[in-house]
Every structure is written in C-alpha cells, then in structure tokens.
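Take this structure, written in structure tokens, and hold onto it; I'll ask about it next.
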Amino acid sequence: MRPRRSPLAWWARAFAVASLVHLTLPDFAQAGWGPPGVVEGLGALILLVRPHPAGFALCAVGTLWPLLALRDVLTQSTLLTLWAVVALVGGRRRAGAALTAVRWTTAATYLLAALHKLNTTWFDPAYGCAEHAWAQVMARYGAPAMPAPAWVALGVEVALGVLILRRSPWMWPVGLAFHLPLTVTLAPAFGPVMLAGYAAATTPRQAVRWRRALRRQGWLAGGAAVAAGAVELGMTGEVATTLKVGAAAGLGVLGLVVALQGRRRDRGRVHRGGLPAVALALWVANGLTPYLGLQYQHTAAMLSGLRVDAGCHNSLVMPEALRLVDPYIRLDVARVGPGHRPERERILLETLWNLPALYTMRANWCIPENRPITLGGTWDGVAFTVPDLCADGWRAALPGGPDWLPGFQRFQKNLRRTCPTACIH
C-alpha cells in the first residue's frame, strides 16, 4: 500500500504557483527587487517538488525582504509571508493545523476587505473603485453596465469569507468569477495568490472530486481555457494575462462541476487551537491597524477608498476616535532650490507624506541644482521646519524617534490632502 501523502504536500504546490505568479508583478522589475525575487523563486521551485522547510523558509525571506526594506505595499505579499511562516511552524506533523490557519486567514482577508469598504467613498459612484474597475472591463471587452457594482463586490467578498470558512466547493467558481475582472484590470496577481488559500480550504473528499472531474470533464475545462485564452490574446495581445485568463476559465469549469456534485456539507477534519488561533489573531489585529492610525498598507484595505487621516476619515462603522495618532506629514511650506520647480512644490503641498516617502524623495530629488529643499509643516499636530532635506541630519528636524525600518511603507504614497479621492489603494 502506498503511504498517504501529507496534505501539506499538495498545498505546497498551490502555494508555489501563487508565489511564482506573484513574481510576475511589475514591482520585481524595479532596482533592488531582483535578489529577493530570486530567493522567493528558488523557494517556490523547491516546493513544486516537495514541501521541504527550506522552500518555505526561502519564500518567507523572499517576500519579507521587500516588505521591510523595499516599500512593498501589497497585502498579498504579507499573506504569502504569513503562510510561509505558518507552514514552517506547522510542518508535516501539524499540517492540518497549518492549513486551517491558512484557511482562516484567507477568509479573514475577504471579511477585512469588506469591513474596510464600509465607507462613504466606496459607495460613491464618482470615486469608488468598483465602478472604476468595471468601467475598465466594459472598455476592454464591451461588457454591459453592472447595477450597483459596489454592493455586488461587497456582497461577494462577504460570501467568499463564509464559503471558505465552511469549506464549501462553491468558493472556487464564485472566487474565480470575482477575481478574473480584477486580474485583468487592477490586481494582476492577487487572485492567484488567494487561490492558494482556497486550496487549503479544500477537503480530501473534494480533492477526490477534483481528480474525477479532471479525468471526466478535463476536455471541457481544456476547451474553455483555450477558448478564453484565444479571445484574450486576440483582443489584447498580452501573453501573461492570456495565461491567467485561460487558467481561470479552465479552473472555473472544473470548480463548477465539483460544486454541483456536492450534495451535502463536507467540513473535513476540524483543527482548532494553537497555531490557527494565533495566526488568525495576528492577521485580524494587523487588519485593524488603519483605524488606530498605525498602518494602512498590508491590511486588506486595498482598493477600498478608505481614509483614516484627520479631516477625511470616512469609515461608516469605525469611529475616528479610535485613531491613536494622525500618521501623515502635512507640508505647508515647500521650496525646491531657487524656486524653479513650481510643479514639484505644488505636489509637495497637495500630498500627504510619510517618512518612507520623504526618504524616497530625498534619494530622487537631491541633486545640486535642487538644493536646498526646504520643508515646513506639521506631523501629528507638531510643527517642524527642515531647512534642507538633502543635508545630513535632516531627520533631527522632524518629530518622533529613530526610524528603525525606513523601507517599510506603512501608509499610502501620493495620497492627496483633498477628499474624497478616486479609487485610492
């Protein structure tokens, strides 16, 4: 009799595929992103073969590196890091608990995203990201107008959170239908990453149905993949997007077959306690940090239109009184060199800033003809003046303590001081 394979072995391959798709993001073409990309890619290739701890460790390092040092703002990068650490801690002996942790945090991501969307901007058709994304789909494919896309997206996110928690096979067709428009418009890799969470929520009985569906309806799924890919390639000529659309179509067909075969609820084995509870608690706590003024990025607030800055706070359910600090730097005085950069000065005054953004500005703008860059304004109500951003010791002129992680981007870049703002990340 063949030994039963650990469920972690199957999930490791789904995680590896998600990591490889993550590496196709344009971010990895930026200076400095090559080394962490190589580390993550090597880890993913190891995991395609077997669920070796070294593979998860390399993936954890490869995703954590850009988060801490290269201003990676993505929730999906943080999720991949968390999942890699969970798999390392769980290992083969606690594979079930590790996969439960992945499932719970996947569901929590959708529910947190829905929470963040409960704001006035999300429901405003002139500024909401749902209308913006669907307008791109309409322009790209000639799709018809969708009534109330903001409510549709919000409802689907809540439904996906529940379906994943219940381990319902319907998460696959619903999730693929939800993420496909986002994949071709605003979020090219987020969907494939989340599918790794779906894989963790798939029960052994459902896995058997998937294999059976692949044998019996594989030709139908293959036909759907080829047809959808051909249409995408013919309309856009984008090879990477064509592969994603084709794969989504094929998986969607198989997922629908499996969902229609499920006649009764199949929860599989339930793992509670320790590892899943800690992972979930950490992820939810991280997801609530925007309302405390501690962080915005990496919290599933992507594309929500949520504002947490003073004067623009727009949440319908979280009161502004929860905010511990107003984290954004507001510039009221900005002069670049002898005053020959009026456009840059205007951007400085109209934008909310944060420390990593000032470090980036300093690296990009500090050339002899731009000096001095004089800044003045307030940070959390404390006034400051920086005589020259390009001078050594400029940081001492700002309030606050030392900057332990100047490459960690906690807050939005290029966020305008005026509100509302159309479809902010």
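As the structure is a computational prediction, the values presented were derived from the model and not from experiment. The first residue of the sequence shown is numbered 1, and numbering continues consecutively from there.
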*Sorted by first residue and then second, give each ring pair (Phe, Tyr, Trp, His ring centres under 6.0 Å) pair with at least one member in residues 49-74; sequence neighbours left out.*
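For residues 49-74, and leaving out neighbouring residues, the ring pair (Phe, Tyr, Trp, His ring centres under 6.0 Å) pairs sorted by first residue read F15-F56.
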
*Side-chain donor-acceptor contact under 3.5 Å, Y291 with H116*: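 The criterion, which ignores hydrogens and geometry beyond distance, is satisfied for H116 and Y291.
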
*Tell me, with the steps shown, if R395 and L355 meet side chain to side chain contact (heavy atoms under 4.5 Å, CB included).*
CA-CA 9 Å; R395 176 62 181 87; L355 273 179; 3.6 Å; yes

*Do R335 side-chain atoms and P338 backbone N/O form a donor-acceptor pair below 3.5 Å?*
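Yes, the answer is positive, given that a donor and an acceptor are paired below the 3.5 Å cut-off.
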
_Side-chain donor or acceptor of R371 paired with backbone N/O of L389 under 3.5 Å_ =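 Checking the backbone N and O of L389 against the side chain of R371, no donor-acceptor pair under 3.5 Å is found.
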
*For N314, does its backbone N or O pair with a side-chain atom of N119 as donor and acceptor, under 3.5 Å?*
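Not confirmed, N119 side chain does not pair with N314 backbone.
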
*asked:* Determine whether a donor-acceptor pair (N or O, by modelled atom type, separation under 3.5 Å) exists between the side chain of Y127 and the backbone of C419.
replied: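 No, because the side chain of Y127 does not come within donor-acceptor range (under 3.5 Å) of the backbone of C419.
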
*Does the side chain of W122 come within less than 4.5 Å of L316's, by heavy atoms?*
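No, side chains not in contact.
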
_Side chains of T78 and W283, heavy atoms from C-beta outward: is any pair under 4.5 Å?_
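Answer yes - side chains close enough.
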
*Considering residues at least two apart in sequence or located in another chain, which fulfil the side-chain hydrogen bond (donor to acceptor under 3.5 Å, both in side chains) criterion with T421?*
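Applying side-chain hydrogen bond (donor to acceptor under 3.5 Å, both in side chains) to T421 gives R307.
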
*Within a radius of less than 6.0 Å around CG of D332, do more than 12 heavy atoms belonging to other residues, nucleotides or ligands occur?*
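Correct, the count exceeds 12.
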
Give every donor-acceptor pair under 3.5 Å between a side-chain atom in residues 39-48 and any protein atom, sequence neighbours left out.
residue, atom, partner, partner atom, Å
E40, OE1, H22, ND1, 3.3
E40, OE2, H22, ND1, 3.0

_Which residue is it: W172, W210, W11? I am looking for the one with a ring-ring contact (aromatic ring centres under 6.0 Å, His included) to Y198._
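One option only clears the test, and that one is W172.
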
*Measure the spacing between NE2 of H298 and CG of L79 and express it to the nearest 0.5 Å.*
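The CG atom of L79 is 11.5 Å from NE2 of H298, to the nearest 0.5 Å.
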
*asked:* Tell me whether D392 at atom CG has more than 12 heavy atoms from other residues, nucleotides or ligands lying less than 6.0 Å away.
replied: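 Check fails, neighbour count at 12 or below.
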
*Find out whether C366 and I373 are in side-chain contact, i.e. whether some heavy atom of one side chain is under 4.5 Å from a heavy atom of the other.*
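Side chain of C366 against side chain of I373, heavy atoms only: contact under 4.5 Å found.
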
_Under a 3.5 Å threshold, yes or no: a donor from one side chain and an acceptor from the other, between Q409 and N354?_
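Short answer, yes.
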
*Check: L163 main-chain N/O paired with S168 side-chain donor or acceptor under 3.5 Å*: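 Answer holds: no.
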
*Donor-acceptor contact present, side-chain R92 to main-chain L8, <3.5 Å*: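 No; zero donor-acceptor contacts below 3.5 Å.
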
*May I have the step-by-step check of side chain to side chain contact (heavy atoms under 4.5 Å, CB included) for T106 and L160, ending in yes or no?*
CA-CA 9 Å; T106 303; L160 282 171; over 6 Å; no

*Closest heavy-atom contact between V152 and P147?*
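That closest heavy-atom pairing would be CG2-O, 3.8 Å.
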
*How close do G305 and T121 get, heavy atom to heavy atom, and via which atoms?*
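Minimum heavy-atom contact is O-CB, 3.7 Å.
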
*Drop me the distance from L67's CG to D72's CG, to the nearest 0.5 angstrom.*
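So the gap between those two atoms works out to 4.5 Å.
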
_Nearest-0.5 Å distance that lies between atom CG in L280 and atom CG in L82_ =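 Interatomic distance, L280 CG to L82 CG, rounded to 0.5 Å: 10.0 Å.
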
*Given side chain to side chain contact (heavy atoms under 4.5 Å, CB included), test I329 with F411 step by step and report yes or no.*
CA-CA 11 Å; I329 297 170; F411 300 99; over 6 Å; no

*asked:* Under a 3.5 Å distance rule, please check whether R50 uses its side chain to pair with a backbone N or O of A12 as donor and acceptor.
replied: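 No, the answer is negative, given that no donor and acceptor are paired below the 3.5 Å cut-off.
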
*With side chains defined as the heavy atoms from C-beta onward, is the minimum distance between M302 and L186 less than 4.5 Å?*
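No, their side chains stay 4.5 Å or more apart.
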
_Which heavy atom of A300 sits nearest to which heavy atom of L112, and what is that distance?_
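In this case the closest contact between A300 and L112 is CB-CB, 4.0 Å.
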
*Which residue pairs satisfy the disulfide bond (SG atoms under 2.5 Å apart) criterion with at least one member in residues 134-198, sequence neighbours excluded?*
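Qualifying pairs, neighbours excluded: none.
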
*Could you list the residues that satisfy side-chain hydrogen bond (donor to acceptor under 3.5 Å, both in side chains) with E369, not counting sequence neighbours?*
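side-chain hydrogen bond (donor to acceptor under 3.5 Å, both in side chains) check on E369 returns nothing, list empty.
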
*asked:* Would you say that Q412 contacts L352 through its side chain, given a criterion of any heavy-atom pair below 4.5 Å between the two side chains?
replied: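 Not touching, per the 4.5 Å side-chain cut-off.
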
*Would F123 and W151 satisfy ring pair (Phe, Tyr, Trp, His ring centres under 6.0 Å), going step by step from the backbone distance to the final call?*
CA-CA 8 Å; F123 294 107; W151 284 101; 4.6 Å; yes

*Considering residues at least two apart in sequence or located in another chain, which fulfil the side-chain hydrogen bond (donor to acceptor under 3.5 Å, both in side chains) criterion with K117?*
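If we apply the side-chain hydrogen bond (donor to acceptor under 3.5 Å, both in side chains) test to K117, skipping adjacent residues, the hits are E157.
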
*Is there side-chain contact between Q295 and N286, with heavy atoms separated by less than 4.5 Å?*
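Yes, their side chains come closer than 4.5 Å.
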
*Check the pair L118, M318 against side chain to side chain contact (heavy atoms under 4.5 Å, CB included), reporting the backbone distance first and the verdict last.*
CA-CA 9 Å; L118 295 176; M318 293 293 189; over 6 Å; no

*Taking all heavy atoms of T105 and all of A279, pick out the closest pair and write down the distance.*
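Closest approach of T105 to A279, heavy atoms only: CG2-O, 3.8 Å.
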
_Within this structure, what is the OG1-CD distance for the pair T374 and E345, rounded to the nearest 0.5 Å?_
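If I round to the nearest 0.5 Å, the distance is 9.5 Å.
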
*asked:* When you measure from the side chain of R416 to the backbone of E350, do you find a donor-acceptor pair of N or O atoms at a distance under 3.5 Å?
replied: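 Here the side-chain-to-backbone pair does not exist.
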
*Would a 4.5 Å heavy-atom cut-off, applied to side chains only, mark T24 and V21 as touching?*
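In short, these two side chains touch, coming nearer than 4.5 Å.
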
_How close do Q206 and T202 get, counting heavy atoms only, and between which atoms?_
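Answer, listing the atom of Q206 first, then T202: OE1-CA, 3.5 Å.
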
*Which distance, rounded to the nearest 0.5 Å, do you find between the CZ of F190 and the CG of L182?*
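Here the rounded value is 8.5 Å.
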
*Sidechain-backbone polar pair: Q76 side chain, M194 backbone, donor-acceptor under 3.5 Å*: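 Judged by distance alone, no pair lies under 3.5 Å.
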
*Does W134 use its side chain to pair, donor to acceptor, with the backbone of P144 at less than 3.5 Å?*
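Checking the backbone N and O of P144 against the side chain of W134, a donor-acceptor pair under 3.5 Å is found.
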
*Under a 4.5 Å cut-off applied to non-hydrogen side-chain atoms, are L348 and M361 in contact?*
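They are in side-chain contact.
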
*Could you state the interatomic distance from CG (L115) to OG (S304), rounded to the nearest 0.5 Å?*
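Going from CG on L115 over to OG on S304, the span is 9.5 Å.
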
_Please verify the inter-ring angle class for Y110 with H179; under 30° counts as parallel, over 60° as perpendicular, anything in between as tilted._
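Plane angle between 30° and 60°, so tilted.
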
*So which heavy atom on V184 is nearest to which on Y141, and how close?*
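Shortest heavy-atom separation between V184 and Y141 comes out as CG1-OH, 3.6 Å.
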
